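As structure tokens, the structure follows; a few thoughts come after it.
Everything numeric in this text was worked out from a predicted model, so none of it was measured. We count ligands from 1, going down the list as the structure has it; atoms in each ligand are counted the same way. Count residues from 1 along the sequence.
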Amino acid sequence: MKDVLILGIESSCDETSAAVVKNGRECLSNVIASQIDIHRRYGGVVPEIAGRNHLLAVMPVIDEALEKAGVKKEELDAVAVTYGAGLIGCLLVGVSAAKAFAYALGKPLVKVNHIEGHIAANLIAFPTLEPPFLSLVASGGHTSIIEVRDNCTFVPVSATMDDAIGEAFDKVARILGLPYPGGPEIDRRAKAGNANIKFCPNLHTRGDHAYSFSGLKTAVVNYVHNLKQKGERIPVDDICASFTAEAVGYLVDTFISAAEERGITKAALAGGVAANSYLRAHLADACAKKGVTLFVPPPVLCTDNAAMIAARGYYSFVSGKDIADLSLNAVSNL
Ligand code: KG4
Ligand code: ZN
């Protein structure tokens, strides 16, 4: 059978990325231009600045992805692009570039949901992994449990009712004066701390497995404000360790309970927060205890990248689904 080569394009937040993926599983290139250094001075992503920088980066990143893959653009079978969810001005750059590229080459255009893309990172990391499995998507914008029935059928089980887990990590880091993005910084600082503070004793798994992180986030913020008002020392490492333990414990317990309820024995972690060392270890432990086989992609495939978009796009392309035309628009809230 002829190989299928998909060019993936991702620009939903602050990473401009392009990748070439073969047969949905083999990553030939995955070029990521991160804007982290640009947004760090503002303490978070500034959407207008991000959009403008995507515009500067998108064509060089696509050229580099093709060159690294050793693939000529005429050899591509389709172009897959993230069309949502994400920052609208950022998504529009990737969508416009993908439309122009597909039109100029006369190739099909495939629209990809960013969250489903995150899950598909597992298909690249584990080429023999096949659905059904239950996925925990923990990212800056989403915290969801999703049942993957086949490579094109993603059934939402639950989501967060308020903040995403990554948002909570970034907000806690900000209040502690740690640089953006806060997640990796908290991960690092937590290793030196003791998880001896209980911020939110009422955190518990709900019957519908929906998450809520705003209470925990606010409890940490109040704790820090209180110490500041009293002029006391802020135990940054202990706060990082305690917050991480509480957030991750809650994330994992809820996910395991959803898996048990469904009798699921295969699980896959996804999203930027999946790069968190404590989450990776704790979920692996919990899954092992319950006889659930866990798949966790390497950190570079957890945070935003285009290889995951190309992998997800491959399955739509070969089954003739989600083929878009030039009327495709970006959707900030899918
Ligand atoms: O999936 P992602 O790259 O972008 C979205 O689609 O949102 O996730 C970004 C999020 C940020 O909140 C970042 O702080 C968090 O992932 N993150 C981490 C770690 N690495 C990235 N959070 C905790 N620990 C990490 N090591
Ligand atoms: Zn993402």
Side-chain angles (χ1 to χ4, degrees), residues 8-17 19 30 32-36 39-40 43-45 47 50 54 81-88 90-91 94 112-122 135-144 146 159-160 163-176 178-191 193 213 216-217 220 239-241 243-252 269-283 296-309 311-312 332-334:
I9 301 175
E10 156 64 36
S11 69
S12 66
C13 191
D14 59 347
E15 263 96 28
T16 322
S17 180
N30 191 18
I32 305 166
S34 174
Q35 301 179 18
I36 283 178
H39 297 283
R40 184 167 286 138
V45 178
H54 281 306
V81 65
T82 304
Y83 77 107
L87 299 169
I88 193 74
C90 297
L91 289 164
V112 174
N113 174 319
H114 183 76
I115 304 178
E116 295 180 2
H118 268 301
I119 297 173
N122 283 281
S135 183
L136 174 59
V137 183
S139 77
H142 305 275
T143 314
S144 310
I146 294 175
T160 175
D163 295 352
I165 174 84
E167 243 177 302
F169 265 95
D170 293 340
K171 183 69 199 262
V172 165
R174 199 172 170 155
I175 197 87
L176 291 172
L178 302 176
Y180 175 84
E185 204 63 31
I186 291 189
D187 197 358
R188 204 170 56 77
R189 299 290 295 252
K191 293 192 171 86
F213 287 99
L216 175 60
K217 179 193 76 179
V220 180
I239 292 174
C240 290
F243 164 74
T244 302
E246 224 165 316
V248 166
Y250 170 58
L251 201 58
V252 169
L269 186 58
V273 181
N276 184 270
S277 57
Y278 191 77
L279 172 58
R280 297 165 82 88
H282 195 62
L283 185 60
V296 182
V300 68
L301 288 174
C302 290
T303 44
D304 289 347
N305 69 89
M308 67 186 198
I309 301 304
R312 175 64 189 92
S332 65
N333 212 343
L334 268 184

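Residue-ligand proximity, Gly166 to ligand 1, at heavy-atom distances under 4.0 Å covers atoms 12 (O). Atoms of ligand 1 lying under 4.0 Å from at least one heavy atom of Thr303, given by number and element, are 3 (O). Proximity to Ala275 (heavy-atom distance under 4.0 Å) selects the following atoms of ligand 1: 20 (N), 26 (N). Taking every heavy atom of Gly141 and a limit of under 4.0 angstrom, the matching atoms of ligand 1 come to 7 (O). When each atom of ligand 1 is checked for a heavy atom of His118 under 4.0 Å away, the hits are 1 (O), 6 (O).
Leu283 places none of its side-chain heavy atoms less than 4.5 Å from the side chain of Val296. Counting heavy atoms from C-beta on, the side chains of Ile165 and Leu279 never come closer than 4.5 Å. Residues Arg280 and Cys302 have side chains in contact (heavy-atom distance under 4.5 Å, counting atoms from C-beta outward). Between Met308 and Ile119 the shortest side-chain heavy-atom distance does not fall below 4.5 Å. In this structure, Ile239 and Arg189 have side chains that are not in contact, with every pair of non-hydrogen atoms separated by 4.5 Å or more. Side chains of Cys13 and Leu87 form a contact here, defined as non-hydrogen atoms less than 4.5 Å apart. When side chains are defined from C-beta on, Ile186 counts as touching Leu178, because their heavy atoms get closer than 4.5 Å. Within the 4.5 Å cutoff, no side-chain heavy atoms of Ser17 are placed close to those of Asp304.
Considering backbone and side-chain atoms together, Gly271 places no N or O closer than 3.5 Å to any N or O of ligand 1. Any N or O atom pair closer than 3.5 Å counts here, and Asn276 shares at least one such pair with ligand 1. The N/O atoms of Phe169, backbone and side chain alike, include none that comes under 3.5 Å of an N/O atom in ligand 1. Polar contact check, Pro181 against ligand 1: no nitrogen or oxygen pair lies under 3.5 Å apart.
When hydrogens are left out, the protein atom nearest atom 26 (N) of ligand 1 is Asp187 OD2, 2.9 Å; that is the closest non-hydrogen contact. Here the protein heavy atom with the shortest distance to atom 22 (N) of ligand 1 is Gly183 CA, 3.3 Å. In this structure, atom 15 (C) of ligand 1 lies nearest to the protein heavy atom Val273 CG2, 3.9 Å. Nearest non-hydrogen protein atom to atom 6 (O) of ligand 1 is His114 NE2, 3.1 Å. Atom 9 (C) of ligand 1 has Gly140 N, 3.7 Å as its closest protein atom, hydrogens excluded (heavy atom only). Here the protein heavy atom with the shortest distance to atom 21 (C) of ligand 1 is Gly272 O, 3.4 Å.
Without hydrogens or angle criteria, Ser34 side chain to Ile36 main chain gives a donor-acceptor distance under 3.5 Å.
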Trace of the side chain to side chain contact (heavy atoms under 4.5 Å, CB included) decision for Tyr180 with Asp14: CA-CA 12 Å; Tyr180 175 84; Asp14 59 347; 3.4 Å; yes
Residues Phe169, Asn276; criterion side chain to side chain contact (heavy atoms under 4.5 Å, CB included); working and verdict: CA-CA 10 Å; Phe169 265 95; Asn276 184 270; 3.9 Å; yes
Side chain to side chain contact (heavy atoms under 4.5 Å, CB included) assessment of Asn305 paired with Val300: CA-CA 8 Å; Asn305 69 89; Val300 68; over 6 Å; no
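Within the 4.0 Å heavy-atom shell around ligand 1 one does not find Arg188. Not close to ligand 1: Cys13, with no non-hydrogen atom less than 4.0 angstrom away. Within the structure, the closest approach of His142 to ligand 1 does not fall below 4.0 Å when heavy atoms are considered.
Residue Asp304 approaches the Zn ion (ligand 2) most closely through its N/O/S atom OD1.
In summary, His118 places an N/O/S atom under 2.8 Å from the Zn ion (ligand 2), meeting the contact criterion. In summary, His142 places no N/O/S atom under 2.8 Å from the Zn ion (ligand 2), failing the contact criterion.
Looking at Asp170, Asp304, Val248, it is Asp170 that brings a heavy atom closest to atom 13 (C) of ligand 1.
Below 30°, between 30° and 60°, or above 60°: for His118 and His114 the angle between ring planes is above 60°, a perpendicular geometry.
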